[in-house]
Amino acid sequence: MIGKLVAQDVLKIKRKGIWFLTFLGPFGVVALQMVNYGVRKAYLLQQSDDDWAYYISNVSAFSPFALILGIAILTSFMASIENETNGWKQLTALPVSKMAIYLSKFTVLVMLLFLSSILLALFSLSYGVFLNLGDEIPYLELLKYSIYPFLASLPVLALQLWVATVSKNQGIPITVGVFGVILSYSAYVLPDWMIWKWPSLLNQWNEPMINVLFGLTFGAILYVIGMVDFMRRDVK
Amino acid sequence: MEYIVETNQLTKRFGKEIAVDRVDMRIPKGEIYGFLGPNGAGKTTTIRMLLGLMKPSFGSVQVFQKFLNEDRLNILKKVGSLVENPSYYPHLTAYENLEALRKVYGIPKSSITEVLELVRLSDVGNKKVKGFSLGMKQRLGIASALLHNPELLILDEPTNGLDPSGIIEIRNLIKRLPAERGITILISSHLLSEIDQIATTVGVLNKGHLIFQDTIERMREYSKQKVLLSVSDREHAWQSLVAAGIKAELHNGMISLKEKSDEKVAQAVRSLVHNDFSIYRVEEEKGSLEGIFLEMTTEEKSL
């Protein structure tokens with residue numbers, strides 16, 4: 001059942017610019033480094049002995065921010081596809097459970113964001129190679145700093161999807177999303193318990209893995225809360 | 001009798017307001033059930049509960065003799081619906097819209113071309129629905145409802161916003177279905193004339209109460225039309241008619257004939273002309289839905 005719904009949702013996001021955004025997000029993050037290194041490559045290379053690590057830290061200064069922004073936009077798009085002509089009622093009248101409907105939306109979003117993360121790793125790698133940062137390419141680190149923020153951002157995704165699907169007025173999820181973006185931008189000063197800080201992988205223990213585990217756990221909890229609320233509501 | 005839809009004391013409350021009040025709906029197999037009621041009577045709310053879009057506050061719904069809350073997914077496999085305005089994805093083509101549904105039903109692709117043909121949208125199948133006229137969107141909605149060959153079709157105001165030719169087209173399509181495909185149809189409308197032309201069974205909902213449920217023939221008895229005559233010197237005219245053995249009544253300054261066959265009307269007119277009364281108008285008073293509602297509700301009170 002869920003496979004069929006995912007196939008349906010993938011069909012429905014056609015021509016909505018969603019695929020383009022999935023590509024644009026990671027590209028934009030690396031493009032910022034293209035500007036950064038393009039303008040002052042010599043200076044930046046002097047800053048550290050490990051050019052790759054320094055480059056990765058530069059890339060990952062912007063990726064959490066792009067990720068949160070992407071989540072807000074994509075969830076709102078997904079919901080607006082159904083809200084536009086109240087597709088929810090047609091969807092609910094299909095022989096599928098509401099749980100599956102919600103899970104399918106979440107799955108498609110996770111797929112898109114995961115794709116974005118993989119693209120981020122690929123783009124970072126390509127530009128890094130182009131910059132000639134050294135022969136010892138830290139593939140694992142590149143992947144880690146692309147995938148970890150995504151996993152740590154799952155609670156934000158679950159929250160945004162919940163707000164977007166149950167709000168008639170898409171202004172509400174957009175507002176929540178904008179606040180999230182602002183918060184993630186100021187991750188340094190946020191307390192550790194705020195979900196918008198987690199994609200930055202910063203915490204007082206200096207251990208990114210903690211954010212990932214928190215992300216997975218609270219992502220699951222928020223997902224279940226959102227789903228239960230979605231199932232409970234009458235479809236107008 | 002085998003009922004395809006059966007509700008028991010179905011009730012929906014929104015806060016303090018009761019939108020649907022203890023409705024016992026019975027739809028026999030193979031019938032076109034006309035679900036009639038003024039705007040805001042609770043028709044759409046009832047239909048939403050039949051599809052499981054809303055949970056009843058009280059009471060139960062049985063479709064195909066199974067309880068909706070227990071067997072919802074199996075029931076919905078055999079139900080096609082169009083609730084209020086059709087839902088569609090404007091950025092997708094008509095074909096893609098149906099393809100999205102087809103994926104969920106897991107039925108062969110040939111069914112898409114079939115239903116597109118049925119609602120005569122084959123030519124525009126590859127155009128985006130964005131550019132469709134209201135009538136085309138409505139037809140696409142009906143195509144979506146028929147895609148998986150349902151046994152029960154639920155159409156909520158399917159002719160809303162259509163032009164006369166569109167209405168006739170949809171009506172003919174709906175009429176054909178029970179015979180051709182053995183479908184039972186529930187069609188709601190606030191227009192009596194609409195229901196009158198296609199339904200075989202009628203349910204009338206007023207302020208959440210099902211105040212009438214029977215065959216269309218019984219319904220027609222309620223909506224008897226009157227023939228009214230406007231004449232000169234009506235007192236005497238009326239007396240002369242009664243004297244001639246024609247059943248007539250006098251009220252509101254008009255003579256109303258009780259028997260309204262062509263023959264009887266001609267007889268009355270002939271008799272009046274013969275007696276030198278001037279006839280200004282001969283008109284038919286159509287039983288309006290409001291009138292029937294009034295009759296029904298007052299009858300309900302007197303019971």
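Small disclaimer: the values here were computed from a predicted structure and weren't measured. Chain letters run A, B, ... following the sequence lines, proteins first and then strands; every chain starts at 1.
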Please indicate whether [X] has more than 12 foreign heavy atoms, meaning atoms of other residues, nucleotides or ligands, lying under 6.0 Å from its [atom1].
{"X": "Q9(B)", "atom1": "CD", "answer": "yes"}
{"X": "K207(B)", "atom1": "NZ", "answer": "no"}
{"X": "F179(A)", "atom1": "CZ", "answer": "no"}
{"X": "R13(B)", "atom1": "CZ", "answer": "no"}
{"X": "M99(A)", "atom1": "CE", "answer": "no"}
{"X": "F27(A)", "atom1": "CZ", "answer": "no"}
{"X": "Y185(A)", "atom1": "OH", "answer": "no"}
{"X": "K127(B)", "atom1": "NZ", "answer": "no"}

With distance as the sole test, does [X] use its side chain to make a donor-acceptor pair with the main-chain N or O of [Y] at under 3.5 Å?
{"X": "Q8(A)", "Y": "K103(B)", "result": "no"}
{"X": "K89(A)", "Y": "V83(B)", "result": "yes"}
{"X": "N85(B)", "Y": "T85(A)", "result": "no"}

Under-4.0 Å salt bridge between E84(A) and K130(B):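 No, no charged N to carboxylate O under 4.0 Å.
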Would L73(B) and M1(A) count as a side-chain contact (heavy atoms from CB on, under 4.5 Å) here? Give the steps. CA-CA 11 Å; L73(B) 299 190; M1(A) 182 156 75; 4.2 Å; yes
When only pairs under 4.5 Å are counted, which of G80(B), P90(B), A145(B), G106(B) shares the most heavy-atom pairs with chain A? P90(B)
Residue [X] versus chain A: region with a heavy atom under 4.5 Å:
{"X": "S144(B)", "result": "side chain"}
{"X": "R72(B)", "result": "side chain"}
{"X": "K12(B)", "result": "side chain"}
{"X": "P86(B)", "result": "backbone"}
{"X": "K78(B)", "result": "neither"}
{"X": "L101(B)", "result": "both"}

Could you tell me which non-hydrogen atom of [X] sits nearest to which non-hydrogen atom of [Y], and how far apart they are?
{"X": "E99(B)", "Y": "L11(A)", "result": "CG-CD2, 3.8 Å"}
{"X": "I81(A)", "Y": "H91(B)", "result": "CG2-CE1, 4.1 Å"}
{"X": "S87(B)", "Y": "N86(A)", "result": "OG-O, 2.7 Å"}

Would you mind telling me which of K98(A), R233(A), K14(A) has the largest number of heavy-atom pairs within less than 4.5 Å of chain B? K14(A)
Distance, nearest 0.5 Å, that separates CD1 of I13(A) from OH of Y89(B):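 Those atoms lie 12.5 Å apart.
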Please report the C-alpha distance between R15(A) and L92(B) in whole Å, then the side-chain angles of each, then the deciding distance to 0.1 Å, and finally whether the side-chain contact (heavy atoms from CB on, under 4.5 Å) criterion is met. CA-CA 8 Å; R15(A) 294 187 208 110; L92(B) 300 179; 4.1 Å; yes
side-chain contact (heavy atoms from CB on, under 4.5 Å) assessment of V104(B) paired with V96(A): CA-CA 8 Å; V104(B) 176; V96(A) 290; 3.6 Å; yes
Intermediate values then yes/no, side-chain contact (heavy atoms from CB on, under 4.5 Å), Y88(B) and Q90(A): CA-CA 9 Å; Y88(B) 52 87; Q90(A) 193 181 49; over 6 Å; no
